Number of protein chains: 2
Amino acid sequence: MVEGGPVNTVTMTIGQVARKAGIGVETVRFYEREGLLEEPERRASGYRQYGEEAVRRLRFIRRAKELGFTLREVAELLALRHDPGATRTDVRERVRAKVEDIEAKVRDLQMIRAVLLSLGETCQGHGPATDCPILEAIDRDDGVEATPPDA
Amino acid sequence: MVEGGPVNTVTMTIGQVARKAGIGVETVRFYEREGLLEEPERRASGYRQYGEEAVRRLRFIRRAKELGFTLREVAELLALRHDPGATRTDVRERVRAKVEDIEAKVRDLQMIRAVLLSLGETCQGHGPATDCPILEAIDRDDGVEATPPDA
DNA sequence: ATCCACCCCGTACCATACTACAGAGTCAAG
DNA sequence: CTTGACTCTGTAGTATGGTACGGGGTGGAT
């Protein structure tokens, strides 16, 4: 934002900015390579120079990741933030989609949980595991869940 | 189980066993490399020969994966199944631990969902995204969630 | 005999999000 | 001016769960 002359912006090294943002130095460089963080100014020596904006951006990345956004999605959010043509509707749409992702994941997990709990009830006692009904059931049981809990 | 002589066990090629189990040929070899599937007999040509037991085992793997077990955990379950010293309690313990994993994941996801929903309410209207409260909030908001929703 | 689908092995590659390392140069304090 | 902490680049490795490929041999049907 503020450019075109020497400002009182205190500059930081990559180590300082990383510490302030609560991430590792290597990670800062990684985000730069991945296009999440714009390439900073350099000193004559080649050392990267950062201002406070970089700390905010890195914290944003960290927080958005905590909220379940992938780095690709974080990049989109960051792009929205800096795109004058982007509307709040665009932002809400991203958030809504992520909420739906989360709800789908929760539903899947709860279905899986239900299956596991019901399996647990079929396997009482202390006998040998070799003929434990759980293992038999996993064998035969089919398609309570269509997709594995990844994605 | 049945060994020591020529039995009426129809043998299958890797392609046939893969098709029956609903996975890919490469995946079968992958599971073998990873120790989930024991190395099968070979024909003189080197072709792998499988019986029905292999199909059951592969389906077990597939199903356990759908239930959220990692390949490592699946290997443990398979080991239990073939270990005469293993008890049903051992099996139940695995299932209980997985249920707890799942419940923890669900709690995390629901916390994240709540944060996202509350963010969504702060960003009404159709203005530009550049100053959308969601993005501001992600900036400042701290630590509703300690760990990202991976693991 | 020929054909084509199938199988063999080993290795490399996909995505995700980092993390580590080697070998060299730099900055600042004492 | 030396020392030690820090930074640079580029590459490689981690974990997870596979998928793809190249270059060759095999099986069974025609």
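Just so we're on the same page: letters track the sequence lines, and every chain starts at 1. Treat the numbers as computed from the prediction; the structure is a model and nothing was measured.
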Between [atom2] on [N] and [atom1] on [X], what's the gap in Å once rounded to a whole number?
| X | N | atom1 | atom2 | result |
| --- | --- | --- | --- | --- |
| E66(A) | dA17(C) | CD | C1' | 15 Å |
| E32(B) | dG18(D) | CD | P | 15 Å |
| R33(B) | dC9(C) | CZ | P | 10 Å |
| F69(A) | dA17(C) | CZ | C1' | 17 Å |
| E41(B) | dC7(C) | CD | C1' | 17 Å |
| E34(A) | dT19(C) | CD | P | 13 Å |
| L37(A) | dC18(C) | CG | C1' | 15 Å |
| Q49(A) | dT7(D) | CD | C1' | 13 Å |

Report yes if some heavy atom in the side chain of [X] is under 4.5 Å from a heavy atom in the side chain of [Y]; otherwise report no.
| X | Y | answer |
| --- | --- | --- |
| E73(A) | R94(A) | no |
| V99(A) | I112(B) | no |
| K105(B) | K105(A) | no |

Report task. Enumerate the residues from residues 12-31 of chain B whose closest heavy atom to DNA chain D is under 4.0 Å, giving them by residue number; use none for an empty result. Result ->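 Residues of residues 12-31 of chain B that come under 4.0 Å of DNA chain D are, in numerical order, E26(B), T27(B), F30(B), Y31(B).
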
Ignoring backbone atoms, establish whether [X] has a side-chain N or O less than 4.0 Å from OP1 or OP2 of [N].
| X | N | result |
| --- | --- | --- |
| K65(B) | dT16(D) | no |
| R48(B) | dC9(C) | yes |
| R62(A) | dA17(C) | no |

Report task. Sugar-phosphate atoms are those with a prime plus P, OP1 and OP2; base atoms are the rest. Using that split, label each nucleotide of nucleotides 23-30 of chain D B, S or - for protein heavy atoms under 4.0 Å, 5' to 3'. Result -> --BBS---

Report task. Return the angle between end axes of the helix from dA1(C)-dT30(D) to dG30(C)-dC1(D), with five pairs used per end and rounding to 10°. Result ->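 Rounded to the nearest 10 degrees, the bend comes out at 20°.
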
Query raised in the report: Among all residues two or more places apart in sequence or in another chain, which pass the side chain to side chain contact (heavy atoms under 4.5 Å, CB included) test with S118(A)?
Result: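 Counting only residues at least two positions away or on another chain, S118(A) forms no side chain to side chain contact (heavy atoms under 4.5 Å, CB included).
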
Query raised in the report: Out of curiosity, L71(B) CG to Y31(B) OH, how far, rounded to the nearest 0.5 Å?
Result: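 That separation rounds to 5.5 Å.
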
If the condition is salt bridge (Lys or Arg N to Asp or Glu O under 4.0 Å), which residues does [X] pass it with, not counting sequence neighbours?
| X | value |
| --- | --- |
| D90(B) | none |
| R57(A) | none |
| E26(A) | R29(A) |
| E100(A) | R96(A) |

Report task. Between I61(B) and G46(A), name the one whose nearest nucleotide on DNA chain D is closer to the 5' end. Result ->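 Looking at the nearest nucleotide for each, G46(A) comes out on the 5' side.
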
Query raised in the report: Does NZ or CZ of R63(A) lie under 6.0 Å from the centre of the six-membered ring of F69(A), at an angle within 45° of the ring axis?
Result: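 Judged by the rule (NZ or CZ under 6.0 Å from the ring centre, within 45° of its axis), R63(A) is not positioned above F69(A).
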
Query raised in the report: By side-chain hydrogen bond (donor to acceptor under 3.5 Å, both in side chains), which residues pair with R92(B), not counting sequence neighbours?
Result: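 Expected list: none.
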
Could you list all N or O pairs between the protein and nucleotides 1-4 of chain C that sit under 3.5 Å apart?
none

Side-chain donor-acceptor distances from residues 12-19 of chain A under 3.5 Å, at least two apart:
from: T13(A); atom 1: OG1; to: G15(A); atom 2: N; distance (Å): 3.4
from: T13(A); atom 1: OG1; to: Q16(A); atom 2: N; distance (Å): 3.3
from: Q16(A); atom 1: OE1; to: T13(A); atom 2: N; distance (Å): 2.9

Query raised in the report: Without hydrogens or angle criteria, can the side chains of T87(B) and H126(A) be said to hold a donor-acceptor pair below 3.5 Å?
Result: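 No, no side-chain donor-acceptor pair sits under 3.5 Å.
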
Show me the donor-acceptor pairs within less than 3.5 Å that the side chains of residues 34-44 of chain A make with the rest of the protein, sequence neighbours left out.
from: R42(A); atom 1: NH1; to: G46(A); atom 2: O; distance (Å): 2.7

